[in-house]
2 protein chains.
Amino acid sequence: MQTKECTEDICEQLCEHPQIICIAKKESISDSEAQQVAEIFKLLGDPTRVKILQVLTKRELCVCDIAAVIEMGQSAVSHQLRLLRNARLVRYRREGKMAWYSLDDEHVRSLLSQGIDHIKHR
Amino acid sequence: MQTKECTEDICEQLCEHPQIICIAKKESISDSEAQQVAEIFKLLGDPTRVKILQVLTKRELCVCDIAAVIEMGQSAVSHQLRLLRNARLVRYRREGKMAWYSLDDEHVRSLLSQGIDHIKHR
DNA sequence: CTAACATATGAACATGTATTCATATGTTGT
DNA sequence: ACAACATATGAATACATGTTCATATGTTAG
């Protein structure tokens, strides 16, 4: 990790291009923003979660049905659903012993379908 | 990992909802598609790479400038750039000892800006 | 109340990944 | 040819993450 002085008017580096660095820094997002953006994509960055989210795109499903559809164990699915629930990407409601999950974020629906389109057209 | 029988017309399970599972399975994406989609999002799922891609959104930069802008070591940046290069998310050209990197995928530009929008509006 | 069931969760394990350090590769100027 | 430089890369380390197993929680039917 390098720490470089880089004020508005005085930029003293060796190899780098001081002005460009200064401008680019101002246009760059903050650490915390980058972290938050990465957090969302990280959740979309696992095949199991992609499959879960994709099937929830079509309809609300209960846990055991999700597990059956994507052919994974109930526990694995439940753990992943917890992550998605915490990030508010899925909504869930209890109905007796069943827990019904559905997509809870139109942004994510859109990101997901863009991701799927992306790999289909290339 | 559970493996369940699930043909077109005969669905025999215990707790699950057979018809829904059959329909949902047909609408679900394949393992390899889910894998590929996850691969893309996984690349977007790291704060360092988010920052790199975001600064490359604005302009082409050389490695040492990227490192200076995002305040990371040259080696770390270079390693990440290799991943992005292999996935063809960034283009690069050599100019003497310098290597200039730029965004090479409009889909990714769009995904990235959607991701950034998403965390900004909530 | 009890048994059967659906879901959630903690612990353990294996695997993947990001950064750092040291060094290699390849270029430029002298 | 040599020194300075920009970038790339292999190895090592530390850390994060996904799945499984066992079990806990909470609900329904009898």
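Note that the structure is predicted; figures quoted are calculated from it, not measured. Letters A, B, ... mirror the listed sequences (proteins, then strands); counts begin at 1.
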One character per nucleotide, please: for nucleotides 21-30 of chain D, 5' to 3', B when the base has a protein heavy atom closer than 4.0 Å, S when only the sugar-phosphate does, - otherwise.
BB----SS--
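One finds the CG atom of A:Leu44 at 12.0 Å from the CD1 atom of B:Ile40 (value rounded to the nearest 0.5 Å).
Contact check, A:Tyr101 against C:dA8: a side-chain N or O comes under 4.0 Å of OP1 or OP2. The side chain of A:Tyr92 contributes no N or O atom lying less than 4.0 Å from OP1 or OP2 of C:dA6.
The backbone N or O of A:Ser75 lies less than 3.5 Å from no partner atom in the side chain of A:Ser78, so there is not a single donor-acceptor pair. With hydrogens and angles disregarded, no donor-acceptor distance shorter than 3.5 Å links the side chain of A:Arg88 to the backbone of A:Arg91. Remark: side-chain polar atoms of B:Arg109 are paired, donor with acceptor, to backbone N or O of B:Thr57 under 3.5 angstrom. A donor-acceptor pair under 3.5 Å links the side-chain atoms of B:Arg49 to the main chain of B:Lys42, judged by distance alone. Under a 3.5 Å cut-off, the side chain of B:Glu33 and the backbone N or O of B:Ser30 do form a donor-acceptor pair. In this structure, the side chain of A:Gln80 does not engage the main chain of A:Val77 through any donor-acceptor pair within 3.5 Å. Listed for the B:Gln54 side chain is a donor-acceptor partner under 3.5 Å among the backbone atoms of A:Glu27.
For A:Arg85 and C:dT7, the CZ to P distance is 12 Å, given to the nearest whole Å. When the C1' atom of D:dT9 is taken as reference, atom CG of B:Leu81 falls 13 Å away, rounded to whole Å. Rounding to whole angstrom units, CG of residue A:Asn86 and P of D:dT17 are separated by 13 Å. If you take CD of A:Glu71 and P of D:dT20, they are 13 Å apart, rounded to a whole angstrom. What separates CG of B:Asp31 from C1' of D:dG18 is a distance of 15 Å, to the nearest Å. Here D:dA8 presents its P atom at 15 Å from CE of B:Met72, a figure rounded to the nearest Å. In this structure, the CE atom of B:Met98 is 7 Å from the P atom of D:dA6, given to the nearest Å.
Listed by residue number, the members of residues 44-62 of chain B with any heavy atom below 4.0 angstrom from DNA chain C are B:Asp46, B:Thr48, B:Arg49. Listed by residue number, B:Lys42 are the residues of residues 33-42 of chain B with a heavy-atom contact under 4.0 Å to DNA chain C.
Note on B:Lys51 versus B:Glu71: no salt bridge recorded, every NZ/NE/NH1/NH2 to OD/OE distance being 4.0 Å or above. Using a cut-off of 4.0 Å between Lys/Arg side-chain N and Asp/Glu carboxylate O, A:Glu95 and A:Arg93 are scored as salt-bridged.
Within the 4.0 angstrom heavy-atom criterion, only backbone atoms of the sugar-phosphate kind lie near B:Leu83; the bases stay farther away.
Ring geometry, B:Trp100 versus A:His17: the interplanar angle falls from 30° to 60°, so the pair is classed tilted.
In this structure, A:Leu89 and A:Leu83 have side chains that are not in contact, with every pair of non-hydrogen atoms separated by 4.5 Å or more.
Here B:His107 pairs with A:His118 under the ring pair (Phe, Tyr, Trp, His ring centres under 6.0 Å) rule; sequence neighbours left out.
For residues 50-94 of chain B, the ring-ring contact (aromatic ring centres under 6.0 Å, His included) pairs, not counting sequence neighbours, are B:Tyr92-B:Tyr101.
Overall bending of the helix from C:dC1-D:dG30 to C:dT30-D:dA1, expressed as the angle between end axes built from five pairs apiece, is 30° (10° steps).
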